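In what follows, residues are counted from 1 in the order of the sequence shown. Treat the numbers as computed from the prediction; the structure is a model and nothing was measured.
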Amino acid sequence: MISGPYDLSLVEGSITTPADAQRIHEVRQASRFLVTIGACATAGGIQALRNFGNVEEFSRLVYARPDYIATLSTSTAIADHVHVDFELQGCPIDSRQLLDVVAAFLHGRRPNIRGHSVCIECKRAGVTCVMVAHGTPCLGPVTHAGCGALCPSYARGCYGCFGPMEAPNTAALAAWWQRLGVDHPDLVRVFRTFNANAAPFRKEAEAHDAR
Ligand code: SF4
Ligand code: SF4
C-alpha cells in the first residue's frame, strides 16, 4: 500500500512481475511528479535480456520449483506502464545529474540534461578519440552524455551504459564498427547490455541478429 501524496517520486527498477505492474500505478497516483532513474527504470535493465529468450525455459533451468516463480515474460521500462515526467538514464546514473533533476522539479524548471552524445563530453574534456586514434570500437557516438566521458578518458571505448542519446544513428556507427572488424553476432551483443530494450539499441541488435 502506497501512502502519500508525494511531490516527487524517484523510481528505480523495471517492471518484471505482476505485482510490479500493479504497484507502479499506485505510485503514479500518489505522486505529483514521477521521475525514473537508471537503466532498469528507463529501459528495462540487463534483465530485459529475457525479452529475447524464453522465460519459462530459463526458470526451469535455474529453479528447482519454477512454479513458485511469479514473473512476467518481459522486463520493461516504467514509461511503458505509466506516464513518466522525466527519465534520467545511466547505469549507474550520475549524481550531479540527479541533483539537477531534483532541484529542477522542486523549483518548477526544466532539468538541464542535454540529449547529446558522449563524444561531446570527450571534446569538452580534451580526451583523444580512442576510435580515431587507436581503432578501438566505441559506442560514444550513440550514447547519452552524463558520465563525463569516463571510459575514453582511460583510453577505453564506451560500452553504452548511459543508453541511447537523443536520435542516435546506430546504423552508421555499426557500419563503422564493421570496418573495424566487428561482426554481426558481436554487434548484437554490444547493443544488448544494460539498455538492451531501449528502442534504438533493441532495433540495431535485431538488425544484426537477422543476418
Ligand atoms: S572516444 Fe568514443 S566517445 Fe570519445 S569522441 Fe571518440 S567515439 Fe566519441
Ligand atoms: S563512457 Fe560509456 S560506458 Fe563508460 S561510463 Fe560513460 S556512458 Fe558508461
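If you take OG1 on T42 and CG on L88, they are separated by 8.0 Å, rounding to the nearest 0.5 Å. For the atom pair L10 CG and L98 CG, the distance stands at 6.0 Å (nearest 0.5 Å). K123 contributes atom NZ, which lies 5.0 Å from atom SG of C129 (distance to the nearest 0.5 angstrom). Atoms CD1 and CZ, on I120 and R114 in that order, are 11.0 Å from each other to the nearest 0.5 Å. Atom-to-atom distance recorded for F33:CZ and H83:NE2 is 9.0 Å, nearest 0.5 angstrom. For the atom pair L180 CG and Q178 CD, the distance stands at 10.0 Å (nearest 0.5 Å).
Shown are K203, R192, R202; of these, the salt bridge (Lys or Arg N to Asp or Glu O under 4.0 Å) with D209 is made only by R192. A side-chain contact (heavy atoms from CB on, under 4.5 Å) with L139 is found for one member of T193, N195, L173 and no other, namely L173. Under the side-chain contact (heavy atoms from CB on, under 4.5 Å) rule, V11 has a single partner from V82, V35, I24, I37, which is I24. Of the options N197, T71, T16, a side-chain hydrogen bond (donor to acceptor under 3.5 Å, both in side chains) to R50 is made by T71 and by none of the others.
Residues that satisfy the side chain to side chain contact (heavy atoms under 4.5 Å, CB included) test with N54, not counting sequence neighbours, are E56, E57.
When all heavy atoms are compared, the tightest approach of R65 to D67 is NH2-OD2, 2.5 Å. Summarising the geometry of C158 relative to C138, their closest heavy-atom pair is N-SG, 3.3 Å, with the distance given to 0.1 Å. The minimum heavy-atom distance between V27 and L34, with the atom names listed, is CG1-CD1, 4.1 Å.
Ion pairing of D100 with R109 is present here, as a side-chain N (NZ or NE/NH1/NH2) and a carboxylate O approach within less than 4.0 Å.
Remark: side-chain polar atoms of N51 are paired, donor with acceptor, to backbone N or O of S75 under 3.5 angstrom. The backbone N or O of P66 lies less than 3.5 Å from no partner atom in the side chain of R60, so there is not a single donor-acceptor pair. The backbone N or O of V130 sits nowhere less than 3.5 Å from a side-chain atom of H134 that would complete a donor-acceptor pair.
Side-chain contact of H208 with E204: a donor-acceptor pair under 3.5 Å is present, judged by distance alone.
The local environment of CZ in R110 is sparse, with at most 12 non-hydrogen atoms from other residues, nucleotides or ligands closer than 6.0 Å.
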